[in-house]
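These notes concern the structure reproduced below.
Below, chains carry the letters A, B, ... as their sequence lines are ordered, and counting in each starts from 1. As the structure is a computational prediction, the values presented were derived from the model and not from experiment.
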Amino acid sequence: MARRTSLPVTFVVPTIAILLVLSMVPTLYAIVIALQNRELSTPDYSWVWLSNFADLFLDRRFLNAVWVSVKWEIVTVVATMVVAIGLGVLMFEVAGPRLRNLHCLLFIIPVLLPRVSAAFVWKFAYHPLYGIATYPYRLVTGGLIFDPLSKPGTALFAVASVDVWQWGLFFAVIVLKLLETLPPQPIEAARLDHAKRWQIHAYVTLPMLKAPLISLMFVKMIESLRSFDLIYVMTRGGPGVATETLDMYAFSQGFIESGKVSYASAMAVLMMIATVITFTMLWKRVQA
Amino acid sequence: MSAIVCSHVDKAYGATTVIRDLNLSIEEHEFVVFLGPSGCGKSTLLRMLAGLEDISGGEVSIGGKVVNDLDPGDRGIAMVFQNYALYPHMTIFDNIAFGLRRQKVPAAEIRKRVDAVSRTLGLDPYLGRKPAELSGGQQQRVAIARAMIKTPKVFLFDEPLSNLDAKLRNHMRVEIARLHQSLKTTTVYVTHDQLEAMTLADRIVLLKEGVIEQIGAPAEIYLRPANMFVAGFIGTPNMNFVEVTVGRSDNGWTLTGAGTVLSIEGWGFHLQHGDRAVLGIRPPDLKTAGAGTAAILQGTADLIEFHGNDALVTFGSGGKEISALVPARECPALNAPVRYTFEEESIHLFEATSGASLRKQ
C-alpha cells in the first residue's frame, strides 16, 4: 500500500519542482525588480514600491502602447480567423482532393518560414520603389510612391498582413481538415432542407466545429501576443510610435533608450496581469 | 400518374458501373422497398432519387417532372438517414424547423407546424433538448419529424432502423407502417432486412449488382421467386437447392439428384427431358414422413437448432446439406435418421445455368 502511494510522488515531485523554479523564479524576480528603481547604468537601487506603476499610467507613450497592443491583437486574430475560415470553406467547396492537397502544401510554407525571414521578405515587398506588393499601386498611378510601412495609418495593417499571411493560410489548412472530418449526412440533410451552400456552412458545419475553432482562436491570440520579432524587423515600432506594442516599448525602455529595467519590468508585470485576467474571463465565457 | 419514374437509369463511378439501365415506376401512395445485399446499389439508387448523387445516364422524374438537374431541396422529397443526420448543435425544435426557416416560412406558422408534427410523433417533451440527450429511437423520430414537416411528395428512407436494437426496431417499424397508413405519402424505403421489407412494402424491388431481379408484392416474391437469387435471398431459413436432372415418365416427370428420385406431375413448369435443373424447397415445406409414407429426402440429422416453436434440422442427403424446419415436438435426436417428404405445390424449379424460374406464368 505504501509503495503504491509513494511511487507517483517520487516521479512527479522533482519534475514539478523544476517546472516551478523555471517558471516562478523569473516571474517573481520581475515583480521584485518592478518595485525597485534599478537602471542599467548604475548598480545602486532603492525600493520605490508602486511608483513605477503610477508613473506608467501618466506616461502617454505607455497608454499608446496599450492601445496599439489591443489593436494588434484584435486585427491579427480577427483577420486570421476570417481568412482561415473563408479559404478553408472555399477549398472545401471548390477544390477536388488533388487540388486541396496542393493548396495545403502551399499554405503551410509561409508558417514554416522563420518569423524574421518572413518579416524581411515582406519588408522588401512593401518597399515603395522596388517592392512587388506596392508595384500595382505604382502601375495604376503612373509611378506615385506608396510606402505602407512608414505611414502611421497603414503601418500596423501592413505588418499585420504578414502575420495573417503566415497564420491565416496555415489555419485555413486546419479548417479544411476539420471540415473533412465532419460526417457528410448532416450536410446532405441540410441540402434536402433547402439550405444554400453558404447557409450549410453558416448554420451547420461551422457551428458543429465551434469548439475546435475557438481553440484555434485561443492559439492565435497567444501567438499574437508574441509578435515582437515581426514588428521589430519591419518597423521597430515606427513610424513614430504607430506600431509600438507593449513589448516593443518595454524593450526600448529597458535596453535601447534609457536602460530603465525596473520601469520595463513594471510594464511586463502589468502585461502579465492583464493577459491572465483577459484569458481567464474569455475561457470562462467560452466554457459557459 | 406515377409518383416516381426511372427510365434507363445508369450510375457509374469512373469505370465501375453500379446501376445499369434501370427502369422502374412507383405509383402514388405506394410503399416501395428496395431490398438487396450490401453493394447492390439500393442506397445509391435512393440517393439518386434524392439528388445527392448525380445521375450518369437516363432520366428520373418525380411527380411528372424530370428532376435530373434539380437540387435536392427542389425535388419535393424528404429523406431519413440511417444515422439520423440530425444537426447536433441545434435543439430538437430547431432541427425540425430548419427546413421551414430556410424557406422563409413565417415564425408563427413554423411554431404551429412543429407543434403539430411533434405531437403526432410524441416529441413534445423533448423540443428544447439537443439530439445527444435523446435515445436512438427518439432521434430517429426527430429525423422522421424533420422529413414530415416539409409535407413532401415522396418520403425516402435509407436503412432507417439499422442503428436501433432489435426490440426498438420492431417498434419503429410498426410506427413507420402506421405513419404511412395515415399520411399515404409515396414512400421509398431501402433496407437489407427482408423482414422489414416483407412487413412494410406494398411492392418490393429486389436488386442485385445494380440490376432489378424482381419487382412484386411481398407474397408474390416469396411464393413465386423469379430466379434462384430471389429464392435464396428471401425467406429465413434459406431455401434448399438440389441439382436435379429432369426425366420424362409415364404420368409426369422425374427429378433425379441428391440421392433421390422425385416424381411430379410437373404441369406448373416448363420442363424438357434431359434438362439440368435446380429444385428449390423451403425448409418449412419439408414435412416429417410418417412410417407408412415414402420419404423423398432422408439422411442423418447432424445439426439441430432449437428456435422455440420450431427446430431447424440440418441433414446430409446425397452430399447436399438440407435443412428442414419442423415443429419442435417432431424434433429428432442428434444423429438420428430423419425422413422428409413435401408436396408438389411447394417446390420451385430453376434452370441450372441461368437460374431463371421454370414456373409457367
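Using a 4.5 Å cut-off between non-hydrogen atoms, the part of residues 88-117 of chain B that approaches chain A consists of B/Pro88, B/His89, B/Met90, B/Phe98, B/Gly99, B/Arg102, B/Gln103. Residues of residues 39-57 of chain B lying under 4.5 angstrom from chain A, judged on non-hydrogen atoms, are B/Arg47, B/Ala50, B/Gly51, B/Leu52 in numerical order. Contact annotation for residues 78-100 of chain A against chain B (heavy-atom separation below 4.5 Å): no residues qualify. Residues of residues 200-215 of chain A having a heavy atom under 4.5 Å from any heavy atom of chain B, listed by number: A/Tyr203, A/Val204, A/Pro207, A/Met208.
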**Worked check of side-chain contact (heavy atoms from CB on, under 4.5 Å) between A/Gln185 and B/Gln82** = CA-CA 9 Å; A/Gln185 289 84 6; B/Gln82 178 178 355; over 6 Å; no

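Of the atoms belonging to B/Asn83, it is side-chain heavy atoms, and not backbone ones, that fall under 4.5 Å from chain A.
With respect to chain A, the highest number of heavy-atom pairs below 4.5 Å among B/Arg146, B/Arg75, B/Met79, B/Lys150 belongs to B/Lys150.
Using a 4.5 Å heavy-atom cutoff, the side chains of A/Asp193 and B/Tyr87 are in contact.
Applying the 6.0 Å contact sphere to NZ of B/Lys65 captures no more than 12 heavy atoms from other residues, nucleotides or ligands. For CD of B/Glu209, the number of neighbouring non-hydrogen atoms (other residues, nucleotides, ligands) closer than 6.0 Å is 12 at most.
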